[in-house]
There are 2 protein chains.
Amino acid sequence: MAVSIYDIAKIAGVSAGTVSKILNNKGKYSQETIDNIKKIAEEQGYVVNQTAKSLRTAKTNTIGILVPNVSNDFFSTICMDVQDFFHEHGYTSYLCNTHDDLNLEKEYLHDLVQKKVDGVINVAGILSQQENMLGNIPVVSIDREPFDEQNPTLITNDYYKIVYDVSEHLIKQGCKKIILITLESFNVYRTSENGILTGFQDALKAHDLPYFEPTSIFRLPGQDKSYIESEILISELINNKLEFDGIVATGDRLALGALTALKRNNIDIPGKVKLAGMDNSLYSQLPTPSITSVARNTTQLAKIASECLLKLINKEALDDTKIIVEHNIIERDTTRKS
Amino acid sequence: MAVSIYDIAKIAGVSAGTVSKILNNKGKYSQETIDNIKKIAEEQGYVVNQTAKSLRTAKTNTIGILVPNVSNDFFSTICMDVQDFFHEHGYTSYLCNTHDDLNLEKEYLHDLVQKKVDGVINVAGILSQQENMLGNIPVVSIDREPFDEQNPTLITNDYYKIVYDVSEHLIKQGCKKIILITLESFNVYRTSENGILTGFQDALKAHDLPYFEPTSIFRLPGQDKSYIESEILISELINNKLEFDGIVATGDRLALGALTALKRNNIDIPGKVKLAGMDNSLYSQLPTPSITSVARNTTQLAKIASECLLKLINKEALDDTKIIVEHNIIERDTTRKS
DNA sequence: TTGAAAGCGATACCAC
DNA sequence: GTGGTATCGCTTTCAA
């Protein structure tokens, strides 16, 4: 058995309460006893038992992080940053991979409630309003629908503006017939489809370019690997002789699939067709030609979300319930002016 | 305040002990009371308080996962798999990013001890034998030096064989003068440098190829981004007219840097120089030409390590203290026969 | 089949 | 400055 404050108290000939307060730097004690207690604690290799402390104080100094899966670049960076932030503030972080599965998500939430986490960072929620499983545990969402009315805090990017900006970028590089590729699931998880579509349309409109419903926008099911679906789509478009000179993809994998199809058909990039993705991941950085993409500033997303959650944990009020993080277009080979 | 077993007991007119045992499916009770208790618990939205339970039972149902940083592909997949495995067995996982920093690592270990985790998966340890901070908490290491004598369990790949196999692969594809690029840190964290060097040398020897000390092996400091160091190195070798027709890199990033240098110097790949990396990450999959690499089977590493740790937690004995997971060479463009 | 009570390790209030 | 004691929510032994 590990040594407890009682053991220390016994050795020092004082009470447990004294030990507790001294080790927590509370109360007024003679320097002598303070030194003595600390020395004994050190010698005995004492470490607090957090389960006991938490039971008593109703504070665990833990948070939960919900992501679909950490193996994905975007989520893993956020996990790391959030975890780093909270470690600096004395918290340990539980990692939960929900795999976009509602049942799993519920199990994890249940776990976290049992474990009495002080707060939750949600980068995965599909549960949303259905049930309030978390009681009054504060939640901050990143890039996803907020959980419920009690926890509306959301840190995200402006999808409307991202798509608008990317589309406009292509237009400025000379594109006249642009198509948009996106995922159906985008809608489910982020309720941002609306912004995406209007962002695209508005950009075309602003530059007097035609928009053909339905042949300008393609929603992929996203059931298989998205880049494969995308590659197939673009291949078919080419076979069907659909004319286009620009592709906006709402994800780097989608963009990569498109790139593969274009290359396979020996279509000159960026000469004949220009292409842009989103997320600024390795999928856009590594291919040849490299793919223009949008950096969503995950560091900021994670930092701001963490700060917000910490405030909520400390019962501080937040100024805003929704915070938008800026994005940057990272220009690469696929949209160089031709 | 959340509802406790006492609240339920009061409502049902029974004792707390009864409620406890029924909710844990222990003891013998009349079906009537069982149903009643469960119904009330359900109605009241009861959830166990794990801090209390853990305090009493000295079991937290949590584990800690130590990695240098989850934002790295290799580690994030392992994290996910380990976490998934333990979730299925009723455990929640703490994520700790040590950033290869000894002090951070100590802080995390200290945290985990305080939080009374039942076990630890170590994919990060540089602490090794120095101090036994974890007491008798079981540890299983993946691809890293085991923590200490008490916890020797290690799941890893056979680096000697990996390098031997890759080198031999290049030889079979026609290479006659092969160089090896590796990182100095490889040695520190994995104590496998020896295996790497002899694997390389033995492969050359087995095929009667010359080995030139020191011009066949290059150790990079790995202080900057490793692919940049590697790119610089290869560029210099080319400038210095060092002749070679094959490169074995002990990491995909190193290989990518080499690839970049070769391409920049318009050297035909795989015609004039062949190249292979390690880890089978996006860094080898996405570039053009794609880079031959070695899949280290992270799924197996994670699975076996998790199973071992679970056994140790349950006080079961392990058959082996060191388990080697098979690797596979993934042949890609950079080593096609020319 | 059920209840009473002790105890896990810490905190905190109140008394001296 | 320091000690005594109740308490956090749960499990577990023993008795009834």
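No experiment lies behind these values; they were computed from the predicted model shown. Chain A is the first sequence line, chain B the second, and so forth, proteins listed ahead of strands; every chain is numbered from 1.
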**Q** Check DNA chain C against residues 11-20 of chain B and give the residues with a non-hydrogen atom under 4.0 Å, in numerical order.
**A** B:Gly13, B:Val14, B:Ser15, B:Thr18

**Q** Tabulate atom names and distances for all N/O pairs under 3.5 angstrom spanning the protein and nucleotides 6-8 of chain D.
**A**
unit_1, atom_1, unit_2, atom_2, d
D:dT7, O2, A:Arg56, NH1, 2.8

**Q** With sequence neighbours excluded, tell me which residues meet ring-ring contact (aromatic ring centres under 6.0 Å, His included) with B:Tyr91.
**A**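 If we apply the ring-ring contact (aromatic ring centres under 6.0 Å, His included) test to B:Tyr91, skipping adjacent residues, the hits are B:Phe86.
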
**Q** A:His99: which residues meet the ring-ring contact (aromatic ring centres under 6.0 Å, His included) condition with it, sequence neighbours left out?
**A** none

**Q** Considering only heavy atoms of chain B and a distance under 4.0 Å, specify the first and last nucleotide of DNA chain C in 5' to 3' order that meet this criterion.
**A** C:dT1 to C:dG9

**Q** Could I get the full list of ring-ring contact (aromatic ring centres under 6.0 Å, His included) partners for A:Tyr29, not counting sequence neighbours?
**A**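 With sequence neighbours excluded, A:Tyr29 shows a ring-ring contact (aromatic ring centres under 6.0 Å, His included) to no residue whatsoever.
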
**Q** Does any residue of residues 21-37 of chain B have a heavy atom under 4.0 Å from DNA chain D, and if so, which ones, in number order?
**A**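 Correct list: B:Lys21, B:Asn24, B:Lys26.
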
**Q** Let me check the geometry of the helix from C:dT1-D:dA16 to C:dC16-D:dG1. What is the bend angle between the axes at its two ends, five pairs each, to 10°?
**A**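 One end's axis against the other's: 40°.
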
**Q** Once salt bridge (Lys or Arg N to Asp or Glu O under 4.0 Å) is applied, what residue pairs with a partner in residues 310-320 of chain A remain, sequence neighbours excluded?
**A** none

**Q** With sequence neighbours excluded, give me every salt bridge (Lys or Arg N to Asp or Glu O under 4.0 Å) pair touching residues 17-39 of chain B.
**A**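 Non-adjacent pairs meeting salt bridge (Lys or Arg N to Asp or Glu O under 4.0 Å): B:Lys39-B:Glu43.
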
**Q** Could you state the atom-to-atom distance from CD1 of A:Ile5 to P of D:dT2 in whole Å?
**A** 16 Å

**Q** Sequence neighbours excluded, which residues qualify as ring-ring contact (aromatic ring centres under 6.0 Å, His included) partners of B:Tyr108?
**A**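 Partners of B:Tyr108 by the ring-ring contact (aromatic ring centres under 6.0 Å, His included) criterion, ordered by chain and then number, come out as A:His87.
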
**Q** Regarding B:Thr33 and B:Ser30, is there a side-chain donor-to-acceptor distance under 3.5 Å anywhere?
**A**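 Yes - a donor-acceptor pair under 3.5 Å links their side chains.
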
**Q** Which pairs with one or both residues in residues 110-121 of chain A pass salt bridge (Lys or Arg N to Asp or Glu O under 4.0 Å), sequence neighbours excluded?
**A**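 Only A:Lys59-A:Asp118 qualify under salt bridge (Lys or Arg N to Asp or Glu O under 4.0 Å).
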
